[in-house]
Amino acid sequence: LRTVREHAARVVVGTSCSLLHVPYDVEAEPDLDPALRARLAFAEQKVAEVVELARSSWDGPDPAAPSVPLAAPVPGGERAPYAVRAAAQAERLGLPPLPVTTIGSFPQTGELRAARAAVAAGTLPEQEYERLVEAEIERVVRAQERLGLDVLVHGEPERNDMVQYFAEHLDGFAVTRNGWVQSYGSRCTRPPILHGDVSRPASFTVRWARHAQSLTDRPVKGMLTGPVTIVAWSFVRDDLPLRDVVFQVAEAIREEVLDLEAAGVPVIQVDEPALRELLPLRRASQADYLEWSVAAYRRATSGAGEATQIHTHLCYSDADQILAAIDGLDADVTTVESARSGGRILGAVGGIGRGLGPGVYDIHSPRVPGGEEVERLLREALKALPAGRLWVNPDCGLKTRTYEQVESALANVVEATRRLREELALS
Ligand code: GLN
Ligand code: ZN
């Protein structure tokens with residue numbers, strides 16, 4: 001401001017961009033640790049700071065620039081070669097060709113949301129809420145068995161949000177009560193505040209996955225959010241390089257992967273829908289980002305033994321732009337959004353050398369896809385991929401849909417898959 005003032009007769013001071021993506025007022029957060037609150041500025045506080053800067057004396061000393069320690073590279077870790085893993089997993093899971101699965105969440109019911117609010121308000125005991133979650137998991141498992149899916153999920157009923165739930169269970173994060181910001185369209189989220197060193201005091205997804213697996217003989221897939229996505233969708237401390245923060249989160253997710261595996265969960269999905277989102281705009285910085293973000297993912301997942309199948313899921317990803325990085329994640333199965341973008345990605349996915357599930361219908365629409373439509377997309381996919389590597393799944397999680405829509409859509413998906421399986425068996 002001092003320099004500008006030397007060159008201009010009149011200076012107008014404002015924020016450098018709109019305040020749309022910060023919450024409104026830090027004073028509306030009575031639950032935050034006061035020491036943390038004193039370090040935060042939401043929109044009202046930022047505006048006050050701008051006013052203070054504009055008004056304050058121009059002759060004060062320059063603040064000293066903080067020195068940023070440089071990150072030591074952290075090795076990503078290696079799993080057994082894919083061929084070895086694929087054989088071990090085929091034997092353990094015994095899946096049919098074109099296995100059908102989903103991306104994780106099933107419809108979030110109004111009842112569950114109300115119950116979570118009641119727990120927060122102190123009017124519903126935690127144990128009763130947990131029983132409701134278990135009942136919902138049973139409903140989701142039975143629905144998938146009835147529909148004939150091959151790799152089941154527990155449905156994520158306990159998660160208010162795929163990042164906030166993780167922030168609530170990891171040290172180093174705070175969550176807000178009223179810190180809503182716009183995410184897209186009319187949807188809003190409350191990004192957690194990552195303010196300290198991240199660690200995992202105890203496992204927090206295992207009990208739900210184990211409960212789901214106890215209800216069925218079919219393999220259940222444990223669901224985790226990846227380190228890049230957790231950081232991308234939080235407000236993040238800036239006194240450490242981003243990669244160091246992401247590696248701390250990766251370490252916590254790695255521990256969760258190991259605990260899921262030890263609990264007998266045979267398939268574990270680590271979602272990274274925000275991988276593309278954090279890609280730097282400057283081309284010169286992109287390769288470095290992709291290298292450490294992929295290494296962080298591998299650090300999170302490489303503790304899994306060869307018979308544990310690792311899935312990853314990416315959406316909103318323009319996946320074709322970062323295909324080499326996606327391949328570098330080394331997941332045994334990758335599911336990507338494809339139906340919504342009209343199968344555009346199919347031309348490129350042949351480059352991924354392991355299992356791949358291009359989504360067969362767009363979950364963002366309430367429209368139920370017909371069986372022929374799904375069959376047509378699968379036939380397209382089979383031109384780009386060998387049948388042994390093709391998975392069948394919706395584009396993304398189902399939490400914004402109704403049970404009615406989900407059950408009709410998945411019934412059509414299973415029916416289309418069965419027709420193709422018969423054909424493949426004859427050829
Ligand atoms: N597992 C998450 C879900 O199904 C993935 C959501 C996402 O990709 N954005 O809801
Ligand atoms: Zn998705």
Side-chain angles (χ1 to χ4, degrees), residues 100-109 112-113 133 136-137 140-141 143-144 149 151-167 183-185 187-192 204-205 208-209 212 220-234 253 256-257 260 265 267-278 297 300-301 309-320 322 326 329 331 333-341 345 356-365 391-403 405-406 409-410 413:
V100 182
T101 191
T102 62
I103 304 306
S105 57
F106 266 64
Q108 271 281 335
T109 62
L112 273 168
R113 284 185 216 276
V133 170
E136 191 68 19
I137 290 174
V140 169
V141 167
Q144 293 170 94
L149 273 71
V151 173
L152 311 193
V153 295
H154 80 289
E156 305 178 23
E158 78 287 9
R159 301 188 190 176
N160 39 13
D161 174 271
M162 68 185 287
V163 169
Q164 171 144 354
Y165 184 75
F166 281 64
S183 136
Y184 66 93
R187 300 219 172 247
C188 291
T189 63
R190 281 176 295 164
F204 53 96
T205 66
W208 309 119
V220 167
K221 176 160 73 166
M223 301 306 275
L224 301 174
T225 307
V228 174
T229 299
I230 290 179
V231 169
W233 294 350
S234 299
I253 300 302
E256 198 68 18
V257 166
L260 281 168
V265 177
V267 183
I268 301 171
Q269 178 169 309
V270 181
D271 292 323
E272 275 301 21
L275 187 66
R276 167 72 181 76
E277 193 178 305
L278 281 199
Y297 185 89
T301 53
Q309 191 167 68
I310 298 289
H311 288 212
T312 190
H313 167 71
L314 302 110
C315 55
Y316 317 112
S317 272
D318 293 327
D320 39 355
I322 53 162
I326 294 173
L329 299 177
V333 179
T334 302
T335 59
V336 287
E337 181 217 279
S338 171
R340 184 159 65 147
S341 47
I345 187 156
L356 192 96
V360 294
Y361 77 92
D362 175 15
I363 57 85
H364 294 91
S365 158
W391 282 67
V392 181
N393 50 268
D395 261 4
C396 193
L398 303 167
K399 73 174 168 214
T400 57
R401 299 271 65 88
T402 65
Y403 267 103
Q405 292 160 355
V406 164
L410 291 178
V413 167

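Note that the structure is a prediction, hence the values are computed from the model and not measured. All ligand and atom numbering here is 1-based and tracks the order in the structure.
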Output yes when a side-chain donor or acceptor of [X] lies under 3.5 Å from a complementary backbone atom of [Y], and no otherwise.
X: Gln269; Y: Ile103; answer: yes
X: Thr334; Y: Thr312; answer: no
X: Asp271; Y: Thr225; answer: no
X: Glu272; Y: Thr229; answer: yes
X: Ser105; Y: Leu398; answer: yes
X: Gln108; Y: Pro157; answer: yes

May I ask you to check if ligand 1 and [X] share an N or O to N or O distance below 3.5 Å?
X: Ile103; answer: yes
X: Ser105; answer: yes
X: Gln269; answer: no

What atoms of ligand 1 come closer than 4.0 angstrom to any heavy atom of [X]?
X: His313; value: 8 (O)
X: Cys315; value: 7 (C), 8 (O), 9 (N)
X: Gly397; value: 3 (C), 4 (O), 10 (O)
X: Glu156; value: 1 (N), 2 (C), 3 (C), 4 (O), 10 (O)
X: Met223; value: 1 (N)
X: Gly104; value: 4 (O)

### Message
Angle between ring planes, His311 versus Trp391, binned at 30° and 60°: parallel, tilted or perpendicular?
### Response
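Ring orientation of His311 relative to Trp391: perpendicular.
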### Message
Given the Zn ion (ligand 2) as the apex, I'd like the angle to NE2 of His313 and SG of Cys396, rounded to 10 degrees.
### Response
120°
